[in-house]
There are 2 protein chains.
Amino acid sequence: MFSFGQARQRIEEAIKGKQMLLVVGNCYVEYWGRAASKLPKGKRLLMIKGDSSSAIHQNRLLRPTNYMMNARISCEEQDNALVLSAKKLKPKESIKVFFYRVDDIQSYEMDSAADLRLFGSERELSNELMKDLSFLEEGLKPLKQEQAFRKGIADLIAEDKDGNIVVIEVKRRKADFSAVTQLQRYAKQVEKINGVKTRGILVAPEIMKNARDLLENYGLEYYSFDFEIGNPKTKIKGVQKKQPTITEFM
Amino acid sequence: MFSFGQARQRIEEAIKGKQMLLVVGNCYVEYWGRAASKLPKGKRLLMIKGDSSSAIHQNRLLRPTNYMMNARISCEEQDNALVLSAKKLKPKESIKVFFYRVDDIQSYEMDSAADLRLFGSERELSNELMKDLSFLEEGLKPLKQEQAFRKGIADLIAEDKDGNIVVIEVKRRKADFSAVTQLQRYAKQVEKINGVKTRGILVAPEIMKNARDLLENYGLEYYSFDFEIGNPKTKIKGVQKKQPTITEFM
DNA sequence: TAATTTATGTCGTAG
DNA sequence: CTACGACGTAAATTA
Ligand SMILES: [Mg+2]
Ligand SMILES: [Mg+2]
């Protein structure tokens with residue numbers, strides 16, 4: 001139990017020092033901005049980080065119920081509440097946390113943030129695949145031109161043994177409608193730019209049934225694959241072309 | 001500073017009691033599952049909630065660097081580290097947090113989670129719009145509104161004054177490619193089911209330039225609108241039809 | 001700065 | 001349990 005005066009001093013100190021700040025207590029939360037919300041009174045945890053990212057957490061779920069980043073934080077004592085406000089412009093937004101009881105305040109001087117080393121990202125899979133496109137199809141070669149650019153419009157652009165341009169989209173998880181429409185969009189765009197018929201290949205571990213139907217309607221191709229995440233190398237295995245499932249004639 | 005023995009006891013108690021648990025200390029984090037990652041040693045905050053949702057936070061950004069939900073949490077003392085593990089099946093995943101120094105442990109009995117009352121969601125805007133479709137266009141009437149409502153394939157399905165079926169997709173923010181392709185997919189599907197030409201209308205506060213070009217290529221229509229978030233009613237205002245931007249002749 | 005895309009997306013919901 | 005779409009998506013990347 002903290003008096004609002006004590007609490008305010010402690011909070012302002014921590015914020016000034018860019019410390020990780022945690023406030024636990026009975027509060028009511030209002031948000032107004034891109035949307036609006038009200039969180040009924042209850043015991044919650046407020047986390048404010050050194051970069052001013054703020055979040056109100058309940059005791060369930062990963063994501064906070066309210067949050068804001070790049071905000072200006074302020075703290076004021078009202079009649080019956082300690083009010084913590086986070087405000088930002090662009091978009092104009094505001095959160096107000098009304099603490100009616102402050103149970104605990106903790107703050108920690110933290111180490112400067114380190115980069116997470118992540119393996120198995122789509123980018124990594126895509127790079128691995130590019131090293132040997134014959135995994136996909138005999139005679140498939142990356143187009144040097146596109147390779148030069150960090151990222152063009154599609155994940156990969158290649159040329160098949162007959163000289164057709166092939167647009168390749170890689171997904172690290174089960175492909176859905178959006179993966180298919182994305183590939184279709186890229187394929188059409190490349191087709192328009194180069195003025196030649198272009199193949200589109202979706203490479204993903206799995207694909208939703210309905211998404212696959214759409215893909216086949218668009219005349220695109222699907223290859224399944226597996227990958228094994230390793231350090232430092234992620235390995236691609238078991239690439240195989242899936243034949244169209246001819247379910248109906250038009 | 002906690003001894004590993006003390007720390008372990010405190011942690012296990014908090015987890016058993018489904019309390020909100022916070023552990024601060026110098027640690028190294030390994031994740032393996034859908035992807036894999038390593039977070040270099042440093043002072044971090046581990047948050048474990050009553051539903052076993054766990055997150056490793058650094059002192060910046062809203063999102064945690066590592067996280068897991070619906071996991072089985074365990075804690076064991078090793079030679080030079082206190083190891084907190086979170087494991088789950090489906091997908092099979094694991095996080096290990098190696099604490100080399102435990103600076104602080106806090107746990108809190110929390111109130112049961114309350115529902116956030118959110119205003120200005122897409123669903124709310126859609127409902128509001130349906131009440132008076134003449135906002136969009138004279139003579140537009142909701143069609144099979146219960147089915148449109150329940151089925152949810154499209155946000156709204158209506159009939160215009162000439163008897164055409166109109167599929168309407170509402171977006172609460174600036175519409176992009178995916179909004180356009182989504183609407184296109186719905187419109188085509190309704191067209192196929194009913195066997196008649198179908199209009200597709202995208203209603204959004206704004207639309208990306210490129211997305212708009214795509215929309216016009218598809219023969220779909222765009223209406224802009226504004227909304228004012230209120231409690232309990234969100235008001236829709238300033239709906240206006242945007243004429244196709246004829247940029248090029250085919 | 002705006003546009004675009006990824007994400008270990010998370011989360012809710014309907015079937 | 002899966003499919004599917006919203007999310008105040010956040011965050012990284014690129015033009
Ligand atoms: Mg991709
Ligand atoms: Mg919608």
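Each chain gets a letter, A, B and so on, in the order its sequence line appears, and its residues count up from 1.
- Applying the ring pair (Phe, Tyr, Trp, His ring centres under 6.0 Å) test to A/F119 and every residue at least two apart in sequence or in another chain returns nothing.
- Side-chain proximity of B/R34 to C/dT8, D/dA6, C/dA3: nearest is C/dT8.
- At distances below 3.5 Å, not a single donor-acceptor pair connects side-chain atoms of B/Q184 with backbone N or O atoms of B/V180.
- Counting any heavy atom pair closer than 4.0 Å across all strands shown, A/S178 reaches no nucleic acid atom.
- The separation between B/M69 atom CE and C/dG12 atom C1' is 11 Å, rounded to whole Å.
- Residue-nucleotide stacking is present for B/Y31 and C/dT8, judged by a side-chain ring centre under 5.5 Å from the six-membered base ring centre and planes under 30° apart.
- C/dT1 atom P lies 12 Å from atom CG of A/L89, rounded to whole Å.
- For the OP1/OP2 pair of D/dC7 and a distance below 4.0 Å, the side-chain nitrogens and oxygens of B/K171 include no atom meeting the criterion.
- We find that CD1 of B/I153 is positioned 11 Å from C1' of D/dC4, with the value rounded to whole Å.
- One can place CG of A/N210 at 15 Å from P of C/dG15, the figure rounded to the nearest angstrom.
- Applying a 4.0 Å cut-off to non-hydrogen atoms, the residues of residues 59-67 of chain B that approach DNA chain C are B/T65, B/N66, B/Y67, listed by residue number.
- Counting only residues at least two apart or in different chains, side chain to side chain donor-acceptor pair (under 3.5 Å) contacts with residues 37-46 of chain B comprise B/S37-B/N66, B/R44-B/Q58.
- With the nearest nucleotide of DNA chain C identified for both B/M68 and B/A211, B/A211 has the one nearer the 5' end.
- Distance, A/R173 CZ to C/dT6 C1': 9 Å, rounded to whole Å.
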Under the 3.5 Å Watson-Crick or G-U criterion, the dot-bracket string of DNA chain D, with | for inter-strand pairs: |||||||.|||||||
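- Using atom C1' as the reference point in both C/dT5 and C/dG9, the two lie 13 Å apart (nearest Å).
- Within 4.0 Å (heavy atoms only), B/E124 reaches no atom of the nucleic acid at all.
- Nearest to the side-chain atoms of B/F177 among the listed nucleotides C/dT5, C/dT10, D/dT2 stands C/dT5.
- To the nearest angstrom, P of C/dT5 lies 18 Å from CZ of A/R172.
- D/dC4 and D/dG8 have their P atoms separated by 23 Å, given to the nearest Å.
- Qualifying side chain to side chain donor-acceptor pair (under 3.5 Å) partners for A/S126, counting only residues two or more places apart in sequence or in other chains: none.
- Of the possible donor and acceptor atoms, one in the side chain of B/D51 sits under 3.5 Å from a partner among the backbone N and O of A/L61.
- Between the side chain of B/S52 and the backbone N or O of B/A71, at least one donor-acceptor pair lies under 3.5 Å.
- The side chain to side chain donor-acceptor pair (under 3.5 Å) test applied to B/K96 returns no partner, not counting sequence neighbours.
- Residue B/Q182 is in sugar-phosphate contact alone, with no base atom involved, counting any heavy-atom pair closer than 4.0 Å across all strands shown.
- Residues in residues 167-180 of chain B take part in these side chain to side chain donor-acceptor pair (under 3.5 Å) pairs, two or more places apart or across chains: B/E169-B/K171, B/K171-B/Q182, B/D176-B/S178.
- For A/Y186, whose side chain is taken as the heavy atoms from C-beta onward, the closest listed nucleotide among C/dT10, C/dT5, D/dG8 is C/dT5.
- To the nearest whole angstrom, the two C1' atoms, one in C/dA7 and one in D/dG5, are 16 Å apart.
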Just distance, no hydrogens or angles: give the donor-acceptor pairs under 3.5 Å from side chains in residues 85-95 of chain A, sequence neighbours left out.
residue : atom : partner : partner atom : Å
A/E93   : OE2  : A/Y31   : OH           : 2.4
A/E93   : OE2  : A/R34   : N            : 3.3
A/E93   : OE2  : A/R34   : NE           : 3.0

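- Contact check of residues 36-51 of chain A against DNA chain D (heavy atom, cut-off under 4.0 Å) returns no residues at all.
- In this structure, a donor-acceptor pair under 3.5 Å is absent between the side chains of A/E128 and A/T234.
- For D/dG5, the OP1/OP2 oxygens have a side-chain nitrogen or oxygen of B/R185 closer than 4.0 Å.
- Per the geometry, CE belonging to A/M208 stands 12 Å off C1' belonging to D/dC1, to the nearest Å.
- Applying the salt bridge (charged side-chain N to carboxylate O under 4.0 Å, His left out) definition to pairs two or more places apart or across chains, those involving residues 223-233 of chain B are B/E228-B/K237.
- Listed nucleotides D/dA3, C/dT8, C/dT5 differ in distance to A/K174; the shortest reach to its side chain belongs to D/dA3.
- Atom NZ in A/K90 sits about 7 Å away from atom P in C/dT1, given to the nearest Å.
- Applying the side chain to side chain donor-acceptor pair (under 3.5 Å) rule to B/Q189 yields no partners; only residues at least two apart in sequence or on another chain are considered.
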For residues 217-224 of chain B, dump all side-chain donor-acceptor pairs below 3.5 Å to protein atoms at least two apart in sequence or in another chain.
residue : atom : partner : partner atom : Å
B/E221  : OE1  : B/R199  : NH2          : 2.7
B/E221  : OE1  : B/K241  : NZ           : 2.9
B/E221  : OE2  : B/R199  : NE           : 2.8
B/E221  : OE2  : B/R199  : NH2          : 3.4
B/Y222  : OH   : B/A204  : O            : 3.1
B/Y222  : OH   : B/E206  : N            : 3.4
B/Y223  : OH   : B/E137  : OE1          : 3.1

